[in-house]
Amino acid sequence: MGKIIDGKALSQAVKDEVKAEVERLQAAYGRKPCLAVIIVGENPASQVYVRNKVAAAAYTGMESRKLELPADIGEEALLQRIRALNDDPDTDGILVQLPLPSHIDEEKVIDAIAPEKDVDGFHPENVAGLWLGKRCIVPCTPAGVVRIIDSLGLDLAGKHAVVVGRSNIVGKPVAKLLLDRNATVTIAHSRTADLGAVCRSADVLVVAVGKARLVTGDMIKPGAIVIDVGINRGADGKLCGDVDFASAEPVASWITPVPGGVGPMTIAMLMKNTIACFLGRQE
Ligand code: NAD
């Protein structure tokens, strides 16, 4: 039987680390880190994510500001708000909740955020930093995935890691972070032939696709570590991952549940990134 990784407990430990760090920074610098979160429009899922992010910031004791902007805001007006936050000495981190309404170019928005305040790690300067091995802000979900894997205390050298999904925000950065831990990494995606065989060769399997229960137990090597990034609404109306937990759990050595696995870690790592931005700006 696989052991279930408690992402909630691990995220709580990370948030408690951040809480202690916020107190230390307040004492050392006379102010707390401040995260600004911009939400455009009323996408219900985005509202929930932003609410959770602001609540996590409050838990850690850091400052946060929520800017709620109307769905019909012009692109230039949004860019101006971002530039104002870039110039604001009391704002350390800026997060623009995606997706944005279709009349706004997301790439332009991401590019407009000052790289040293880019808590999501999506700015090209941070992406380049990740791939070149320079100091950078690492995107929150990938950072959460490897924090979970690191918590198991295993040496990944010589292990085969398979990442299913090649998005800029999850799949690609997760692959680079596993490469940094000396795993031999394969990235599988929608055009991969025989996904089952590729997954079955993985000692560490990270799935970030967005298709409910795509990966089933027969696609998993006995004893593999399985990290499920997916968040889907199953046919039964309940939240589920990209991995079919019921058939995968008996085969894996460790597995993350959905909900309660990677999701809470994403928010905890956002708090960590806000601290990193604060510290980066003190130099
Ligand atoms: P995306 O749509 O940008 O990318 C999906 C990737 O899956 C693509 O690279 C595609 O090639 C691959 N893919 C699609 N169908 C496939 C198939 N049949 N076989 C193999 N590969 C296939 O998605 P994303 O933004 O990377 O998110 C992936 C999932 O992770 C979604 O469910 C999303 O909600 C979830 N997510 C969770 C968190 C979190 O905090 N837990 C954060 C971000 C994303």
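Just so you know, ligand 1 is whichever comes first in the structure, and atom 1 is the first atom listed for that ligand.
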Arg166 N/O to ligand 1 N/O under 3.5 Å:
yes
Assess whether salt bridge (Lys or Arg N to Asp or Glu O under 4.0 Å) is satisfied between Arg83 and Glu76, documenting all intermediate values.
CA-CA 10 Å; Arg83 287 186 208 112; Glu76 186 49 35; 3.0 Å; yes
So which of Asn168, Ile231, Thr256 gets nearest to atom 34 (O) of ligand 1, if we judge by its closest heavy atom?
Ile231
Closest non-hydrogen protein atom to atom 24 (P) of ligand 1, residue and atom name please, with distance?
Ser167 OG, 3.7 Å
Leu195 vs Val164, test: side chain to side chain contact (heavy atoms under 4.5 Å, CB included). Steps then yes/no.
CA-CA 9 Å; Leu195 184 65; Val164 189; 3.9 Å; yes
Assess whether salt bridge (Lys or Arg N to Asp or Glu O under 4.0 Å) is satisfied between Glu17 and Lys272, documenting all intermediate values.
CA-CA 9 Å; Glu17 266 172 41; Lys272 276 266 198 221; 2.6 Å; yes
With heavy-atom distances below 4.0 Å as the criterion, list the atoms of ligand 1 near Gly210.
28 (C), 29 (C), 31 (C), 32 (O)
Heavy-atom nearest neighbour of atom 16 (C) of ligand 1 within options Asp242, Leu270, Val209
Val209
Work out whether the distance between some heavy atom of Ala208 and some atom of ligand 1 is less than 4.0 Å.
yes
Taking only non-hydrogen atoms of Lys211 and a 4.0 Å limit, the atoms of ligand 1 in range are 14 (C), 15 (N)
Option whose closest heavy atom lies nearest to atom 27 (O) of ligand 1, chosen from Val170, Thr266, Asn232:
Val170
Please report the shortest heavy-atom distance between Ala208 and Val170, naming the atom on each side.
CB-CG1, 3.5 Å
Examine ligand 1 and decide if any of its atoms is less than 4.0 Å from a heavy atom belonging to Gly263.
yes
Distance under 4.0 Å to a non-hydrogen atom of Val262: what atoms of ligand 1 satisfy this?
41 (N)
Among side-chain atoms of Tyr49 and Asn43, is any donor-acceptor pair under 3.5 angstrom?
no
Out of curiosity, is Thr192 lining ligand 1, as in a heavy atom under 4.0 Å away?
no
Select the closest option to atom 20 (C) of ligand 1 among Met269, His189, Arg191, judged by heavy-atom distance.
His189
For Asn232 and Leu239, what are the C-alpha separation, side-chain angles and deciding distance, and is it a side chain to side chain contact (heavy atoms under 4.5 Å, CB included)?
CA-CA 6 Å; Asn232 313 289; Leu239 274 193; over 6 Å; no
Should Val164 be counted as touching ligand 1, given the test is an N or O pair under 3.5 Å?
no
Of all heavy-atom pairs linking Glu107 and Asp105, the shortest is N-OD1, 3.0 Å
For atom 18 (N) of ligand 1, what is the closest protein heavy atom, and at what distance to 0.1 Å?
Leu214 CD1, 4.0 Å
What atoms in ligand 1 come closer than 4.0 Å to a heavy atom of Val229?
30 (O), 35 (C), 36 (N), 37 (C), 41 (N)
Quick note on ligand 1: atoms under 4.0 Å from a heavy atom of Ile169 include exactly 25 (O)
Charged N to carboxylate O below 4.0 Å: is that the case for Arg181 and Asp150?
yes
Can you name the one residue among Lys117, Arg281, Arg65 that meets side chain to side chain donor-acceptor pair (under 3.5 Å) with Thr91?
Arg65
Begin with the C-alpha distance, continue with both residues' side-chain angles, and end with the deciding distance and a verdict on side chain to side chain contact (heavy atoms under 4.5 Å, CB included) for Ile5 and Ile255.
CA-CA 6 Å; Ile5 298 170; Ile255 185 166; over 6 Å; no
Minimum-distance protein heavy atom relative to atom 11 (O) of ligand 1
Ser190 N, 3.2 Å
Please walk me through it: do Glu75 and Lys108 pass side chain to side chain contact (heavy atoms under 4.5 Å, CB included)?
CA-CA 9 Å; Glu75 185 178 274; Lys108 265 196 201 166; 2.9 Å; yes
Shortest protein contact, atom 42 (C) of ligand 1 (heavy atom only):
Thr141 OG1, 3.1 Å
